[in-house]
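Because the structure is predicted, anything quoted here is derived from the model rather than measured.
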Amino acid sequence: MKKHLITNALIINEGQIIQADVLISDERIERIAPWISDANAQVIDFNGNYLIPGMIDDQVHFRDPGLTYKADIFSESKAAVAGGITSFMDMPNTIPNTLTRALLEEKYQWAAQKSLANYSFFMGVTASNLDEALRVDNESVCGITDDGLYLENQEILANNPEYLEKLFSRAETLVALHSEDDAIIRRNLSGFQQLYGDEIPIAFHPAIRTSEACEIATRRVLDIQKKHNNRLHFFHISTGAEAKLFSPGPIAGKRVTAEACIHHLCFTDADYPNLGSKIMWNPSVKSETDRVELLKALQDGRIDMIATDHAPHSLEEKSGNYMQIKSGAPMVQHALLMLFELVDRGELALTTLVDKTSHRVADCYKMVDRGYIREGYFADLVEVASSAPWEVKTQSLLYKCGWAPVVGRTFQHEIKRTFVSGILCFQAGKFLTEKTGKRLQYAKIR
């Protein structure tokens, strides 16, 4: 049985910051105490650096299968682990779309062979596969979603209230949705095409995919959910107006939860002139006012968690005119570092950072024995150290697509070590193993 003893760690966990040692035995945390001694354990001195539970990212697009020229489970899970993300949940907009249980299980089999991080996969749900989607086992599958499927010309469900009525009335698993109003977006796009043709400046992206489009769709979905009280989660809330629609407070007992993404917390429309299509996401990056309101909603619990919406594309796919450019960008290697920047600026508390990237994600999905630094829990742990300012260079990127919107950005923290299910898999910029991840498990939703 492999043992590691972490000493002199500054642990951020469950709203507290404490100095303590942590003993890891095999996959799990055996003991947490002010001082621990174990002659059979490999000692790792943290020298007062932060020890946090690994980030759990509930929204990634790792592009495997079918789009592996720009990402795959192995490459992106490596980037995630290097960035302190120890668990991920992947979206169904692969080729083919993950719309059957057989295709879903194939993805789990590939991940078992290729993933450095713990893994789970959403089942895709569209207007044509309701019965199949509702058959998934919600103790071994994180949920069902339409997110990303609009990229393959599927209608997102927020625009199909009749179908949502059917889905919500029958769903016994978590349903996670992308929420924008297509009619408003089409109308706005038509107006800009009349002015610019297909050469619409990227800076107008939030004037096409507007706050109004998000708020109206989210209100529509919430109205339907109230009739059925099903378990509903909103991906990538991007506006202050939407944030006001959710209930504050602890996650326990909530039937509706919501998340914000790194890019909506760290970029604004003022960044379009410099970064252009590299910060083109759906929903769009919006105003400073929206960014500030999202941070407030994180603090008071109206928004429950933080995700990346990691969505890599090739540089060619991020080039061309507005109608050609694909939305999305790689984020998992740098997400935690960007959040630590917000801490340094006084915009986010350290305990809130951990709560929103680990604790509440585990609670939202009823994850078994993850998301906390607790005795008996899986040892998904990350060491974060203060460092001399360092600049992100292209050659340091682990993303298969080879670019990121943070190139040139300076950080003052670094991820020094990452444990995944008790295995020390990343240390001082090097990977110590090529497969450590385990399939995530969930308690049954009531």
task = Could you note down all residue pairs passing ring pair (Phe, Tyr, Trp, His ring centres under 6.0 Å) where residues 287-308 supplies at least one of them, sequence neighbours left out?
result = none
message = Applying side-chain contact (heavy atoms from CB on, under 4.5 Å), can you list everything that pairs with L315, at least two apart in sequence or on another chain?
response = W403
ask   = Using a distance-only test with no angle check, is there a side-chain donor-acceptor pair under 3.5 angstrom linking D137 and Y442?
value = no
request  = Measure across E259 and D58 and return the closest heavy-atom pair with its distance rounded to 0.1 Å.
outcome  = OE1-OD1, 2.6 Å
query = Does R302 make a cation-pi contact with F246, if we ask for NZ or CZ under 6.0 Å from the ring centre and within 45° of the axis?
reply = no
note = ring-ring contact (aromatic ring centres under 6.0 Å, His included) filter on Y119, not counting sequence neighbours, yields none
inquiry  = My understanding is that only residues two or more places apart in sequence, or in another chain, count here; which of them pass side-chain hydrogen bond (donor to acceptor under 3.5 Å, both in side chains) with S287?
reply    = D290
request  = Not counting sequence neighbours, which residues clear salt bridge (charged side-chain N to carboxylate O under 4.0 Å, His left out) with K318? List them please.
outcome  = none
request  = Sequence neighbours left out, what passes side-chain contact (heavy atoms from CB on, under 4.5 Å) with R101? Give chain and number order.
outcome  = M123, E132, R135, V136
ask   = Strictly by modelled atom types, are N282 and H205 linked by a side-chain donor-acceptor pair under 3.5 Å?
value = yes
request  = Test D355 against every option in M305, E14, R360 by the side-chain contact (heavy atoms from CB on, under 4.5 Å) rule and name the one that passes.
outcome  = R360
query = Are E391 and K393 close enough for a salt bridge, meaning some N to O gap below 4.0 Å?
reply = yes
Sole residue of H263, H178, H61, H310 in ring pair (Phe, Tyr, Trp, His ring centres under 6.0 Å) with H236 = H178
request  = Not counting sequence neighbours, which residues clear ring-ring contact (aromatic ring centres under 6.0 Å, His included) with F168? List them please.
outcome  = none
query = So, S387 versus E414: side-chain donor-acceptor pair below 3.5 Å or not?
reply = no
Flag for T257-R231: side-chain donor and acceptor within less than 3.5 Å = yes
message = Once side-chain hydrogen bond (donor to acceptor under 3.5 Å, both in side chains) is applied, do any residues pair with K114, and if so which ones, sequence neighbours excluded?
response = D64
key: salt bridge (charged side-chain N to carboxylate O under 4.0 Å, His left out) involving K356 - partner list, sequence neighbours excluded   = none
Between H313 and R63, a side-chain donor and acceptor under 3.5 Å = yes
task = Can you sort out the partners of T308 under side-chain hydrogen bond (donor to acceptor under 3.5 Å, both in side chains), two or more places apart, ordered by chain and number?
result = D57
key: Set of residues satisfying side-chain hydrogen bond (donor to acceptor under 3.5 Å, both in side chains) with respect to K286, sequence neighbours excluded   = S238, S284
query = How would you list, by chain and number, every residue that makes a side-chain contact (heavy atoms from CB on, under 4.5 Å) with I216, sequence neighbours excluded?
reply = D181, I184, E212, R220
